[in-house]
Amino acid sequence: QVQLVESGGVLVQAGGSLRLSCAASGSIFSINAMGWYRQAPGKQRELVATITGGGSTNYADSVKGRFTISRDNAKKTVYLQMNSLRSEDTAIYYCNMRDFVSRRDSWGQGTQVTVSS
């Protein structure tokens with residue numbers, strides 16, 4: 001059974017930086033695509049960034065140049081480095097795994113990021 005656990009979400013001042021982590025268990029990690037999504041109050045969940053098993057990345061326009069997604073297959077962990085944070089980045093951030101074979105999605109419980117202005 002797949003389990004994803006996010007960590008690293010805290011209160012941070014605008015202009016600051018934060019690094020989120022997502023540790024996976026119960027699956028073959030290296031071939032699966034991983035992603036970060038976020039949901040702000042009153043809004044739908046939106047894609048932030050994705051990374052394939054081969055290392056190809058994709059970013060939402062709102063975070064390009066500020067956020068970087070990466071993965072460490074040995075540690076079965078995906079990261080989101082967040083720089084130049086803005087108040088509009090405030091949201092619950094969720095980790096996602098898409099199984100390469102079954103195409104099933106797994107989700108973490110979410111971690112709160114609050115950016116103060």
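Hydrogens, waters and symmetry mates are skipped; everything else that's a heavy atom, side chains included, is used.
In plain terms, the two heavy atoms of A40 and A91 that are nearest each other are N-CB, 3.9 Å. Shown here for K76 and S25, the closest heavy-atom pair between the two residues is NZ-CA, 4.3 Å. Summarising the geometry of M34 relative to C95, their closest heavy-atom pair is CE-SG, 3.8 Å, with the distance given to 0.1 Å. Here the closest non-hydrogen pair linking A24 and M97 is CB-CE, 3.7 Å. Here the closest non-hydrogen pair linking Q3 and V5 is OE1-CG2, 4.0 Å. Contact record, A49 with L80: CB-CD1, 4.4 Å, taken as the closest heavy-atom pair.
Criterion: ILVMFWY side-chain heavy atoms under 4.5 Å apart, direct or through other members. Under it, I69 and Y79 are not part of a common hydrophobic cluster. Under the 4.5 Å side-chain heavy-atom criterion for grouping Ile, Leu, Val, Met, Phe, Trp and Tyr, W36 is connected to V2 within one hydrophobic cluster. Residues Y94 and L20 fall into different hydrophobic clusters, defined by Ile, Leu, Val, Met, Phe, Trp and Tyr side chains chained together at heavy-atom separations under 4.5 Å. No chain of hydrophobic side-chain contacts below 4.5 Å, direct or via other Ile, Leu, Val, Met, Phe, Trp or Tyr residues, connects V63 to L47. Hydrophobic cluster membership is shared by V12 and Y93, with clusters built from Ile, Leu, Val, Met, Phe, Trp and Tyr side chains linked at under 4.5 angstrom.
With sequence neighbours left out, A14 forms a side-chain contact (heavy atoms from CB on, under 4.5 Å) with V115.
For the atom pair OG of S106 and CG of L4, the computed distance is 5.5 Å after rounding to the nearest 0.5 Å. Between Q39 atom CD and Q44 atom CD the span is 8.5 Å, to the nearest 0.5 Å. In this structure, OG1 on T77 lies 6.5 Å from CG on D72, to the nearest 0.5 angstrom. Note that the CD1 atom of I51 and the CG atom of N32 stand 12.5 Å from one another [nearest 0.5 Å].
Side-chain contact between S21 and K75 is absent, with no heavy-atom pair separated by less than 4.5 Å. With contacts defined as side-chain heavy-atom distances shorter than 4.5 Å, the pair F67/L18 does not qualify. T90 places a side-chain heavy atom less than 4.5 Å from the side chain of Q112. Side-chain contact between W107 and R45 is present, with heavy atoms from C-beta onward closer than 4.5 Å. Contact check for R66 versus D89: side-chain heavy atoms found under the 4.5 Å cut-off.
Judged by a 6.0 Å distance limit and a 45° cone about the ring axis, R98 is not positioned over the six-membered ring of F100.
Proximity of a side-chain donor or acceptor of N83 to a complementary backbone N or O of S17 within less than 3.5 Å is not detected. Judged by distance alone, with hydrogens and angles left aside, the side-chain atoms of E6 form a donor-acceptor pair with the main-chain N or O of Q109 at under 3.5 Å. A donor-acceptor pair is defined here as one N or O able to donate and one able to accept, closer than 3.5 Å; such a pair exists between the side chain of R71 and the backbone of T52.
Heavy-atom contacts from other residues, nucleotides or ligands closer than 6.0 Å to CD1 of I28 number 12 or fewer.
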